[in-house]
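One-based numbering, in listed order, for ligands and for the atoms of each.
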Amino acid sequence: MKNIIREGNPILRARSSEMTFPLSNDDKQLAHDLMEFLENSQDEEIAEKYHLRAGVGLAAPQLAISKRMTAVLIPGPEGEEPSLKQVLINPTILSQSVQVAALSEGEGCLSVDRDVPGYVPRADRITLRYFDIEGVQHKIRLKNYEAIVVQHEIDHLNGILFFDHINNDKPFAIPNDAIMLE
Ligand SMILES: O=CN(O)C[C@@H](CC1CCCC1)C(=O)N1NCCC[C@H]1C(=O)Nc1ccccn1
Ligand code: NI
């Protein structure tokens with residue numbers, strides 16, 4: 001199982017480097033490793049065996065690789081296809097809503113071994129551009145939980161951690177028209 005680095009490691013605070021195409025075999029392996037980790041972490045037996053915390057996203061810097069690649073695996077309803085399963089390379093948010101959303105439970109991070117209470121305000125909707133492992137460019141619109149997850153991952157590529165967005169004086173302060181997501 002890949003080793004996830006924890007806060008305190010300076011790699012988590014670095015801006016990671018753009019990737020170039022065609023991807024090297026190592027970079028293609030990295031894409032598979034990121035997605036494989038998420039799949040394993042969401043498999044109860046494997047997660048139990050390897051003591052994995054289930055995750056819906058993982059960014060290359062969390063494996064100490066400072067490259068602009070992240071995998072997201074957001075489960076769909078029980079027994080259905082995932083609602084989002086994608087390796088995002090050189091992801092860019094082209095535009096985002098003024099409308100703010102936040103997870104009502106706050107956020108955590110597989111690289112942060114502590115609870116940091118507070119709301120993490122993010123855009124409720126984003127237009128995302130990314131490249132897939134073949135180098136094909138995609139533009140997709142995401143909203144609500146999917147948008148939150150992808151923003152959390154892109155933050156990792158820019159050395160930002162979720163608690164950087166929490167208001168230190170008033171951690172549960174949030175715009176009154178913010179959408180609170182369960
Ligand atoms: O950068 C990426 N990370 O740090 C992994 C994070 C990414 C999410 C945190 C908030 C938005 C994206 C992650 O997934 N978690 N954070 C810590 C422990 C819980 C776990 C989680 O939410 N798990 C989950 C949720 C639904 C279904 C299955 N598993
Ligand atoms: Ni994280």
For [atom], what's the nearest protein heavy-atom neighbour? Residue, atom name and distance, please.
atom	answer
atom 23 (N) of ligand 1	A54 O, 2.9 Å
atom 18 (C) of ligand 1	R53 NH2, 3.3 Å
atom 7 (C) of ligand 1	E153 OE2, 3.8 Å
atom 17 (C) of ligand 1	C109 N, 3.4 Å
atom 14 (O) of ligand 1	V56 N, 2.9 Å
atom 9 (C) of ligand 1	G108 O, 3.4 Å

* Taking atom CG of N25 as the centre, report whether more than 12 heavy atoms of other residues, nucleotides or ligands fall under 6.0 Å from it. => no
* Should the heavy atoms of other residues, nucleotides or ligands under 6.0 Å from CG of D177 be counted, would the total exceed 12? -> yes
* Side chain R15, main chain G159, donor-acceptor under 3.5 Å -> no
* Asked: For the side chain of S97 and the backbone of R125, is there at least one donor-acceptor N/O pair under 3.5 Å apart?
  -> yes
* Asked: Non-hydrogen atoms of Y145 versus ligand 1: any pair closer than 4.0 Å?
  -> yes
* Measuring from the heavy atoms of G57, does anything fall under 4.0 Å of ligand 1? -> yes
* **Residues K67, D27: salt bridge by 4.0 Å N-O rule** => yes
* Any salt bridge between E7 and R114, counting N to O under 4.0 Å? -> yes
Could you list which atoms of ligand 1 come closer than 4.0 Å to a heavy atom of [X]?
X	answer
L110	3 (N), 4 (O), 5 (C)
Q62	1 (O), 2 (C), 3 (N), 4 (O)
G55	14 (O), 23 (N)

* Asked: With the Ni ion (ligand 2) at the center, what angle do NE2 from H156 and SG from C109 span, rounded to 10 degrees?
  -> 100°
* Of the listed options (E105, R122, Q151, H152), which comes nearest to atom 11 (C) of ligand 1 when hydrogens are ignored and any heavy atom counts? -> H152
* To do: Over 60° means perpendicular and under 30° means parallel, so classify the ring planes of H138 and Y130, tilted if in between.
  => parallel
* Which bit of Q42 gets closer than 4.0 Å to ligand 1, counting heavy atoms only: side chain, backbone, both or neither? -> neither
* To do: Using only N, O or S atoms, tell me which atom of H152 is closest to the Ni ion (ligand 2).
  => NE2
Side chains of [X] and [Y]: do they bring a donor and an acceptor to under 3.5 Å?
X	Y	value
E146	S83	yes
N158	R13	no
D33	Q29	yes

